[in-house]
Amino acid sequence: MPELPEVEVVRRGLDRWILGRPIETVEVYNPRSIRRHTAGPLHFAEVLTGRTLLAAHRRGKYLWLPTDGGDALVGHLGMSGQLLVQPPDAPDETHLRARIRFAPDDGRDHENRELRFVDQRTFGGLSVEPLPVPGNAVDHWDRENVPPSIAHIARDPLDPNFDPDAFAVALRRKRTGVKRALLDQTLISGVGNIYADEALWRAQLHYARPTESLTGPQIRRLLDAVRDVMLEALEQGGTSFDALYVNVNGESGYFERSLAAYGRADQACPRCGTLIRRDAFMNRSSYTCPKCQPRPRRARW
DNA sequence: ATGTAATCCTGTGAGC
DNA sequence: TGCTCACAGGATTACA
């Protein structure tokens, strides 16, 4: 599943390949993939046509691309979404939901690639939304230019303006388990089930540990773990930047090779050899090492 | 304020 | 072989 590192890989691909040329056509094949766009998929296509995408920004798992019209193309990949930059003659993908074609770049037709939104489970979606302060974006961390549907999303751990102390205070104020808090995108964004489990394993914390009982050093260790695991995943996912293809399938190499806990039920913990255990958690799964991450006496989840 | 459960979806694989 | 069912899970919504 695309979490922050995968989405950042996509952002870099979009930043490199699809900015600066007017959109010529927009085709929507599944209206469900146009979400939050209250005026509907037809309007989505209409308003986007003729616009030029100026930049590619990200917060947590959300992407947004400001246009020369003062609004932005907003995207979330959900569980199975991909944004692919493809040559026009590439065969349509099975779950192709939308296609955006750009005006040719005189004489350089070989670079005239199109943007495709592919999404098997259609939990992801695209929309066009107004930007509060148009045309003012300095970098992709700029808070003032966040579209309305992303306004409630907290800064993510790779954002230079992410405030660890404020996070620690907000975290301890919550009366919940630490993993639930990690997955709360209004507290910290970009963390999904996979990286939550990996970070907790690295920080040697159990998912049901009550947030208010966490010490300052433990929170710092946890944050470092979140950042490290994401940066490592990003390094490995980054190898596909040159491929004229934006890799988003949630299998950034890292996925298969480097996971210590997630998805490894009944396999040896890389740190101590104890068998990793799988618990039901929030309609999904949590993976822990019973020895490195003992369940707290007062558990909360 | 916080927790719980249902909802949205489809491909995969296990079990019968 | 073919059916059924559990499962994967992010974000939002409704309800407790």
Side-chain angles (χ1 to χ4, degrees), chain A residues 1-8 10 28-38 41 58-64 74-83 92-98 117-127 129 146-154 156-157 169-200 207-214 226 230 233 248-252 255-256 259 261-266 276 278-287 298-301:
Chain A
M1 323 307 137
E3 299 182 27
L4 188 151
E6 291 77 22
V7 179
E8 173 62 14
V10 177
V28 176
Y29 307 111
N30 186 338
R32 283 197 184 280
S33 292
I34 309 304
R35 316 207 136 192
R36 306 160 187 274
H37 193 95
T38 40
R58 180 190 56 74
R59 171 170 292 184
K61 305 170 197 169
Y62 282 89
L63 292 163
W64 77 98
V74 179
H76 194 289
L77 301 175
M79 312 234 343
S80 55
Q82 296 173 268
L83 281 166
D92 286 4
E93 292 76 7
T94 306
H95 301 292
L96 180 63
R97 308 303 189 192
F117 184 64
V118 178
D119 191 7
Q120 177 201 110
R121 280 175 263 186
T122 67
F123 277 25
L126 304 174
S127 63
E129 298 178 30
V146 174
S149 73
I150 306 181
H152 66 292
I153 300 294
D156 61 64
V169 171
L171 182 68
R172 271 197 285 245
R173 247 202 306 262
K174 288 271 178 193
R175 296 267 165 68
T176 187
V178 63
K179 181 172 174 182
R180 195 178 275 278
L182 278 182
L183 297 177
D184 181 348
Q185 304 294 304
T186 66
L187 213 56
I188 181 171
S189 69
V191 185
N193 204 37
I194 296 164
Y195 292 99
D197 275 5
E198 289 304 300
L200 288 168
Y207 59 84
R209 178 69 183 271
T211 49
E212 70 268 27
S213 77
L214 290 168
V226 170
M230 284 181 167
V248 203
N249 50 16
E251 294 161 27
S252 58
F255 207 76
E256 291 117 51
L259 298 177
Y262 181 85
R264 300 190 65 249
D266 301 321
I276 298 289
R278 170 180 180 265
D279 294 330
F281 176 87
M282 285 173 78
N283 262 341
R284 59 196 77 173
S285 298
S286 272
Y287 299 88
R298 282 180 49 248
R300 220 197 258 282
W301 62 95

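On a predicted model such as this, the values are computed, not experimentally measured, just so you know. Numbered from 1 within each chain, the chains take letters A, B, ... in sequence-line order.
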- Message: Going by the rule side chain to side chain donor-acceptor pair (under 3.5 Å), which residues pair with A/Thr211 if we only count those two or more places apart in sequence or in a different chain?
- Response: none
- Sequence neighbours excluded, the answer for side chain to side chain donor-acceptor pair (under 3.5 Å) partners of A/Arg36 is A/Tyr62
- Query: With sequence neighbours excluded, what pairs up with A/Glu93 under the salt bridge (charged side-chain N to carboxylate O under 4.0 Å, His left out) test?
  - Reply: A/Arg116
- A/Arg173 near the nucleic acid: base, sugar-phosphate alone, or nothing, with a heavy-atom cut-off under 4.0 Å? sugar-phosphate
- Tell me: CG of A/Leu63 to P of C/dG10, nearest whole Å? 16 Å
- Whole-Å distance separating the CZ atom of A/Phe281 from the P atom of C/dC7: 17 Å
- Message: In this structure, how many angstroms lie between the P atom of C/dG10 and the CG atom of A/Leu4, rounded?
- Response: 13 Å
- Query: In whole angstrom, what separates A/Asn193's CG from C/dC7's P?
  - Reply: 14 Å
- Message: Side chain of A/Phe123, heavy atoms from C-beta onward: which of C/dA8, B/dG3, B/dC8 has the nearest atom to it?
- Response: B/dC8
- Query: Under 4.5 Å between any side-chain heavy atoms of A/Glu6 and A/Leu77, yes or no?
  - Reply: no
- Nearest-Å distance for atom pair CG/C1', residues A/Leu77 and C/dG10: 11 Å
- Message: Test of understanding: with side chain to side chain donor-acceptor pair (under 3.5 Å), list the residues that count as partners of A/Arg209, not counting sequence neighbours.
- Response: A/Ser213, A/Gln218
- Could I get the full list of side chain to side chain donor-acceptor pair (under 3.5 Å) partners for A/Ser286, not counting sequence neighbours? A/Lys179
- Item | Whole-Å gap separating P (B/dA1) and CG (A/Leu187) | 14 Å
Produce the list of close N/O pairs, under 3.5 Å, pairing protein atoms with atoms of nucleotides 11-14 of chain C; give distances to one decimal.
| from | atom 1 | to | atom 2 | distance (Å) |
| --- | --- | --- | --- | --- |
| C/dA11 | OP1 | A/His76 | NE2 | 2.7 |
| C/dA11 | OP2 | A/Lys61 | NZ | 3.1 |
| C/dA11 | OP2 | A/Gln185 | NE2 | 3.4 |
| C/dA11 | O3' | A/Tyr62 | OH | 3.4 |
| C/dT12 | OP1 | A/Arg36 | NH1 | 3.3 |
| C/dT12 | OP1 | A/Arg36 | NH2 | 2.8 |
| C/dT12 | OP1 | A/Tyr62 | OH | 3.1 |
| C/dT12 | OP2 | A/His152 | NE2 | 3.3 |

Please produce a list of atom pairs where a protein N or O lies less than 3.5 Å from an N or O of nucleotides 10-13 of chain B.
| from | atom 1 | to | atom 2 | distance (Å) |
| --- | --- | --- | --- | --- |
| B/dG11 | OP1 | A/His95 | NE2 | 3.4 |
| B/dG11 | O4' | A/Gln120 | OE1 | 3.3 |

- Message: Which residues pass the side-chain contact (heavy atoms from CB on, under 4.5 Å) test with A/Arg35, not counting sequence neighbours?
- Response: none
- note: A/Ile194, atom CD1; C/dG10, atom C1'; distance rounded to Å ~ 11 Å
- Qualifying residues under side-chain contact (heavy atoms from CB on, under 4.5 Å), relative to A/His95, sequence neighbours excluded: A/Arg97, A/Val118, A/Gln120
- Task: Would you check if the side chain of A/Arg58 reaches a backbone N or O of A/Val7 as a donor-acceptor pair within less than 3.5 Å?
- Result: no
- Message: With a 4.0 Å limit, can you tell me whether A/Ser285 has a side-chain N or O closer than that to the phosphate oxygens OP1/OP2 of C/dC7?
- Response: no
- For A/Ile150 and C/dG10, give me the distance from atom CD1 to atom P, rounded to whole Å. 18 Å
